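Note that ligands are numbered from 1 as they come in the structure, with each ligand's atoms numbered from 1 the same way. Fair warning: this is a prediction, and the values are worked out from it, not measured in the lab.
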Amino acid sequence: MNRRNRIAVVGAGLGGLTCAAFLQREGFTVTVYEQAPAFSRIGAGIILSANVMKVLRRLGIERSLLETGIRPDAFVSRAWNTGETLYELTLDAASEQRFGGPYINVHRGDLHAVLATAVRSGTIAFGHGLAGLQREGQAIRLVFENGARQDADIVIGADGIRSKVRDILLGAEPPRFTGRVAQRAIFPTERLRGHTIRDCTKWWGADRHLLAYFMTRRRDEVYLMGSVPAAAWESEELSLPCPREEFVASFAHFHPDIRRVVEAATEVTVWPICDRERHDCWSGGRIVLLGDACHPVRPYMAAGGAMAVEDAAVLSRCLATIGDDDPADAFQCYEATRVARVGEVQRISIENSWMHGPTETDWFFCYDACLAPLTRPS
Ligand SMILES: Cc1cc2nc3c(=O)[nH]c(=O)nc-3n(C[C@H](O)[C@H](O)[C@H](O)COP(=O)(O)OP(=O)(O)OC[C@H]3O[C@@H](n4cnc5c(N)ncnc54)[C@H](O)[C@@H]3O)c2cc1C
């Protein structure tokens with residue numbers, strides 16, 4: 001691929017920033033256009049498994065993430081009623097050796113702050129919500145809601161589940177509400193008043209579940225994410241405040257060990273859980289999608305962000321290694337390399353079975369998107 005190509009990445013999320021950082025290291029000129037005026041510290045944590053950490057290591061940010069987040073000593077699954085341990089995946093030096101990297105839990109805001117250091121200063125144009133794309137000779141003109149216009153040779157849509165780039169490429173279609181919402185809370189550990197919890201536990205109920213973990217190595221911040229049934233999501237907002245009593249009521253029948261944690265929550269937010277029907281076409285012409293823009297997954301395997309980061313690594317490898325000026329071959333190689341793995345993650349995420357009981361995890365955690373063979377379409 002000709003390094004003179006100007007690449008526009010739409011969206012400064014996990015996938016967009018990772019992709020921009022790799023492409024800059026390959027010598028491309030990259031600008032990231034982000035609709036938000038600045039990064040904000042939204043109230044949520046994220047799990048970064050070894051397959052993600054291996055990729056981020058190549059960007060030189062693994063150490064900062066280890067200093068910010070926590071390496072839990074295990075991922076534990078427990079039954080909502082008896083509290084019985086259904087499965088425990090030990091996370092230690094041996095697992096890190098086997099998976100090729102650590103497993104960490106971190107605050108999303110902290111992750112973003114670290115990730116932003118992986119791109120050159122001035123790369124991100126905040127306040128640039130994409131409104132449209134126009135063909136301009138061989139180039140593509142990006143038209144923004146703020147009236148600005150910029151030309152690029154390649155456009156990467158990393159603009160999340162409500163992707164504008166996807167709308168333009170594949171036709172506008174709202175995401176699918178899955179009939180569930182996520183209730184999220186973060187609070188200081190001291191609110192547990194001495195009640196001790198494990199580093200990372202998923203409590204499995206019949207029609208709902210609750211994930212509880214520390215987000216910092218000091219274990220001073222607790223994150224809760226409950227998934228509960230909901231008839232509809234009628235708001236245009238990405239999230240809404242949730243009355244604390246509603247959250248407590250959602251898990252009032254759960255085991256006392258976790259009820260005490262739920263009761264410690266003060267501020268709670270509620271988010272719709274959406275995905276899309278699987279669609280394996282991720283590119284057209286000089287436009288390509290990655291992450292939630294092309295394959296949003298339900299958050300039950302903690303893998304949507306992981307897929308965005310892996311996509312970013314593979315797409316940048318394809319663009320860097322597959323020559324000539326037309327990116328179609330690189331895009332096809334990217335799709336051929338990624339679709340099967342992402343499809344399996346989508347399937348498991350819908351099933352919500354990951355690590356409920358004994359689970360073969362090596363295929364997921366051991367994968368290295370920077371080294372995995374690239375698949376040339378036949
Ligand atoms: C409750 C919940 C828990 C989750 N937990 C985990 C987890 O533990 N681990 C994990 O790996 N994944 C998890 N996920 C999934 C993960 O959050 C997403 O899959 C991931 O953020 C997708 O990354 P992305 O870069 O594709 O998109 P995003 O992170 O959504 O980033 C998209 C970016 O594009 C910007 N944007 C949108 N539209 C425009 C526009 N028109 N113009 C310019 N910019 C635009 C947005 O502002 C945003 O910054 C969870 C998801 C949910 C809902």
Novice: Could you list the atoms of ligand 1 found under 4.0 angstrom from a heavy atom of Gly291?
Specialist: 26 (O)

Novice: Among Arg217, Arg219, Arg198, whose salt bridge (charged side-chain N to carboxylate O under 4.0 Å, His left out) with Asp73 holds?
Specialist: Arg198

Novice: Taking only heavy atoms of Ala306 into account, list the atoms of ligand 1 that are under 4.0 Å away from them.
Specialist: 11 (O)

Novice: The test is side chain to side chain contact (heavy atoms under 4.5 Å, CB included); show your working for His356 and Lys202 and say whether it passes.
Specialist: CA-CA 8 Å; His356 176 256; Lys202 184 167 175 178; over 6 Å; no

Novice: Test: ring-ring contact (aromatic ring centres under 6.0 Å, His included). Region: residues 56-82. Which pairs qualify, not counting sequence neighbours?
Specialist: Trp80-His253, Trp80-Phe254

Novice: List every atom of ligand 1 that sits less than 4.0 Å from any heavy atom of Ala158, numbering the atoms from 1 in the order shown and giving each element.
Specialist: 32 (C), 33 (C), 34 (O)

Novice: Can you pull out the closest protein heavy atom to atom 49 (O) of ligand 1? Residue, atom name and distance to 0.1 Å, please.
Specialist: Glu34 OE1, 2.7 Å

Novice: Is Arg184 near ligand 1, meaning one of its heavy atoms is under 4.0 Å from it?
Specialist: yes

Novice: Under a 4.0 angstrom heavy-atom cut-off, which atoms of ligand 1 come close to His128?
Specialist: 42 (N), 43 (C)

Novice: Just jot down the ligand 1 atoms closer than 4.0 angstrom to any heavy atom of Val10, in number order.
Specialist: 42 (N), 43 (C)

Novice: Does the residue Tyr33 have a heavy-atom contact with ligand 1, meaning some pair of atoms that are separated by less than 4.0 Å?
Specialist: yes

Novice: Please compare Ala312, Ala12, Gly305, Ala182 and report which has the shortest non-hydrogen distance to atom 12 (N) of ligand 1.
Specialist: Gly305

Novice: Name the option, out of Met301, Arg166, Gln35, His112, that contains the heavy atom nearest to atom 38 (N) of ligand 1.
Specialist: Gln35

Novice: Is Arg108 close enough to touch ligand 1? Criterion: a residue heavy atom under 4.0 Å from a ligand atom.
Specialist: yes

Novice: Test salt bridge (Lys or Arg N to Asp or Glu O under 4.0 Å) on Asp153 and Arg286; report intermediate values, then the result.
Specialist: CA-CA 7 Å; Asp153 302 298; Arg286 297 184 155 264; 5.2 Å; no

Novice: So between Ser40, Ser163, Ala44, Pro299, whose heavy atom ends up nearest atom 53 (C) of ligand 1?
Specialist: Pro299

Novice: If you take the nearest heavy atom of each of Val181, Leu211, Asp159, Asp292, which one is closest to atom 18 (C) of ligand 1?
Specialist: Asp292

Novice: Can you list everything that forms a side-chain contact (heavy atoms from CB on, under 4.5 Å) with Leu238? Sequence neighbours excluded, please.
Specialist: Arg162

Novice: Counting only heavy atoms, tell me which of Gly160, Ala125, Cys19, Gly132 gets closest to atom 30 (O) of ligand 1.
Specialist: Gly160

Novice: Let me see the working for Leu66 and Arg71 under side chain to side chain contact (heavy atoms under 4.5 Å, CB included), right down to the final yes or no.
Specialist: CA-CA 7 Å; Leu66 290 173; Arg71 283 163 143 136; 3.9 Å; yes

